[in-house]
Trainee: 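Take this structure first; my questions come after.
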Amino acid sequence: MKGLLPFCRGLYTLSRPQAGRKAAIVGSQCGFCGTVSNRKPQPRFGLLFDIDGVLVRGRVPIPAAKKAFQKLVNSQGQFVVPVVFVTNAGNCLRQKKADQMSHILGVPITQDQVIMSHSPLRMFKKYHEKCVLVSGQGPVLDIAKNLGFENVVTIDMLRESFPLLDMVDHNRRPKLPSAAVGNLPKVEAVILFGEPIRWETHLQLIVDVLLTNGNLSGTHQNQTQAHLPLLACNMDLLWMAEAQSPRFGHGTFLVCLENIYKKITGAEVKYEALMGKPSELTYHFAEYLIRGQAIERQWQHPITSLYAIGDNLMTDIYGANLYNRYLEDRVGGKGHNAVDKMAVATGSITTTTTTTTTTAVSQEGEMDHAWESELASPSATSCKSVLVCTGVYNPSAEAASSSSSSSADRRIRGTVFHGHRDFRFDPELVEPDHVVLDVAEAVDLIFKEENFVPQ
């Protein structure tokens, strides 16, 4: 039989039938000699993991997380399926988050497997040479530089140059009269990475920048024209840490900013782009990274299915279902070109509260197809949502509802929409495809759905 192998190479047939879009089969059999090959299974699906509430609660690992990831790596420490961590956190660099997850899960993770809420900003190249004000916490200057921004101003730098602007905390007011240093360039755009530490300081100075058109040496102006471009990452109203109940997220900070600005000016804050889940842009970027992993591993079968595992109906589930809707429309040829929509994000404001996506057609009609060339078209045709019960989602609250209604009805009934102002509440988008106890059950379910048996 050994002498036949060179001749038979490439003439193998599947040893058992393949159903639908399931994983490629481990063994295959020669139609002439019956020899079985030792090829390993090649997945046709990828996994998108939320972090907080799915894998960790604050700094405490969720017990099921390690169990789940033991099933996702082989004896050489390689992932048997493509995996991307999609978090709305924005307080560190991707490499640091990858190192944290490697330590927690006990498996090697690279920065190319991590998407922070601010990761898509690296493709907003039209702002990379402009003077941008960044808000958040952690190494915001390093994060901005890493994303490609060359001329960055932080809130602390504004405070030092204009010490009379931050007056809420009496202990931080200047002890002696001081004039503005004013040695900073004019701010041309504002980027919000995540919730800051001193909200009153950040809210005051961001509003000052918007009302002075970036020139803090001047006075507030009547807002007869559009304010400076404003880009925000992470729309989570709440998130799950070690406490028994959810904590304020960056979405809460955005609510404060929007209402303060409207109270002062009578006008709405307009966002140039919103990033992080549930933005389609974030999921498209995740799919791009999934494709990259498959290419790097030389898996020949395209990744056609994505599974997004999360704990938050308003971000994880909403976002996965929104992206799935785009993929279905794309496969159906309905002309819903989300790539173009995301391209326009570099030169447009977001739409009103009646929309489900985060970007709209530019007022100038500009189309920046840099997105299309960088991300290309997705190979995925579906993105299924899997809800776990270890974070924001509370199944006990659902169980307290009327037992005569379905679980889906109970999830939706009485739901207060926690999504961002520029999204609309659509019951279909907050209904998960699957509900499981924890991430270990999620992985088992997905392997079963895909008929995937890792070797």
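Here the structure is a predicted model, which is why all the values come from computation and not from measurement.
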Trainee: Considering only residues two or more places apart or on different chains, which pairs with a residue in residues 285-310 satisfy salt bridge (charged side-chain N to carboxylate O under 4.0 Å, His left out)?
Mentor: E287-R291
Trainee: Between atom CD of Q111 and atom CG of N146, what is the distance when rounded to the nearest 0.5 Å?
Mentor: 7.0 Å
Trainee: Is the backbone of G106 close enough, under 3.5 Å, to the side chain of K66 for a donor and an acceptor to pair up by distance?
Mentor: no
Trainee: Do you know which of D112, L289, V114 makes side chain to side chain contact (heavy atoms under 4.5 Å, CB included) with V84?
Mentor: L289
Trainee: Kindly say whether N88 contributes a backbone atom to a donor-acceptor pair with the side chain of N234 at under 3.5 angstrom?
Mentor: yes
Trainee: Aromatic ring centroids of F149 and F193 under 6.0 Å?
Mentor: no
Trainee: Checking side chain to side chain donor-acceptor pair (under 3.5 Å) between Y323 and each of H284, E280, K277, which is the one that passes?
Mentor: H284
Trainee: For the residue pair F248 and W199, does the interplanar ring angle fall in the parallel (under 30°), tilted (30 to 60°) or perpendicular (over 60°) class?
Mentor: tilted
Trainee: Exactly one of T265, V187, I264, V190 should register a side chain to side chain contact (heavy atoms under 4.5 Å, CB included) with L210. Which one does?
Mentor: V190
Trainee: Donor-acceptor check, side chain of K384 to backbone of A308, threshold 3.5 angstrom: yes or no?
Mentor: no
Trainee: Between D426 and R325, does at least one N-O distance fall below 4.0 Å, as a salt bridge requires?
Mentor: yes
Trainee: Per the side-chain hydrogen bond (donor to acceptor under 3.5 Å, both in side chains) rule, what does the pair list look like for residues 73-83, sequence neighbours excluded?
Mentor: N74-Q78
Trainee: Taking atom CD of E129 as the centre, report whether more than 12 heavy atoms of other residues, nucleotides or ligands fall under 6.0 Å from it.
Mentor: no
Trainee: Suppose we call two aromatic rings close when their centres sit under 6.0 Å apart. Are Y307 and H434 close by that rule?
Mentor: no
Trainee: When you look at NZ of K262, are more than 12 heavy atoms from neighbouring residues, nucleotides or ligands closer to it than 6.0 Å?
Mentor: no
Trainee: Please evaluate residues N324 and S382 with respect to the criterion side chain to side chain donor-acceptor pair (under 3.5 Å), reporting the C-alpha separation (whole Å), side-chain torsions for both, the decisive distance (0.1 Å), and the verdict.
Mentor: CA-CA 5 Å; N324 184 66; S382 70; 4.8 Å; no
